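Nothing here was measured: the structure is a model prediction, and the numbers come from that model.
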Amino acid sequence: TLDLTNRKDPCFVKFSEMEKMANMQAEINEVQPLLLSVTIVSTLQFYFTGKKCEILQDMNRHLEAVLKEKRTLRKMLIKPRCQESLPIEATFHKYVVELLAEAVTFIENLESHLQTVRSIPQIPNIMKNMDTALTKTEMLVMELEELADQILKWSKLQKDVYSD
């Protein structure tokens, strides 16, 4: 009988509907900032991707121009610049001489550094060869020690034979 009498009053139905609407509004309020941040991030990503693309295109155009003028640039670099340069005042001659000496030293060091850098890929192979050579040297040292012992024994035997 209690179940039969249990019925929902219209005011409670309206209250539950209002509660559902409030919950939905709260969910919408939570989702809106997330959607806004996702929209902003995607917009910024497209903006920066576009900027990167522009920068890369500019670099590509510059490199293409350099490649087109490669022959001209090479000729300019090979051609001596002595006749085209301005004369240096006498007060600066000392500094020019020092600068040239430093330039020669730099070039010499550069060559040795470049050789070192070029040899880096060969280092594992060189180390393997050095290990092999070290092992062979150790074997030869051991054989030499044995030979020295045999020579000493033979020498001692010869002394004993001649002394008798």
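Residues Q25 and M21 form no side-chain contact, since every pair of their non-hydrogen atoms from C-beta on lies 4.5 Å or further apart.
If you take CD on Q115 and NE2 on H113, they are separated by 11.5 Å, rounding to the nearest 0.5 Å. Rounding to the nearest 0.5 Å gives a distance of 9.0 Å between CG of L140 and NZ of K136. Atom CZ in R61 sits 4.5 Å away from atom CG in D58 (nearest 0.5 Å).
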Counting only pairs under 3.5 Å, give me each side-chain donor-acceptor contact of residues 105-112, with atom names and distances, residues two or more places apart or in other chains.
{"residue": "T105", "atom": "OG1", "partner": "A101", "partner atom": "O", "Å": "2.9"}
{"residue": "N109", "atom": "ND2", "partner": "T105", "partner atom": "O", "Å": "3.4"}
{"residue": "S112", "atom": "OG", "partner": "N109", "partner atom": "O", "Å": "2.9"}

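In terms of the side chain to side chain contact (heavy atoms under 4.5 Å, CB included) criterion, E146 has no residue partners (sequence neighbours excluded). N23 pairs by the side-chain hydrogen bond (donor to acceptor under 3.5 Å, both in side chains) definition with nothing, not counting sequence neighbours. Among residues two or more places apart in sequence or in another chain, the side chain to side chain contact (heavy atoms under 4.5 Å, CB included) test is passed with E64 by N60. Among residues two or more places apart in sequence or in another chain, the side chain to side chain contact (heavy atoms under 4.5 Å, CB included) test is passed with I126 by Q122, M130. Residues satisfying the side chain to side chain contact (heavy atoms under 4.5 Å, CB included) criterion with Q150, sequence neighbours excluded, are L147.
With hydrogens and angles disregarded, no donor-acceptor distance shorter than 3.5 Å links the side chain of S155 to the backbone of L152.
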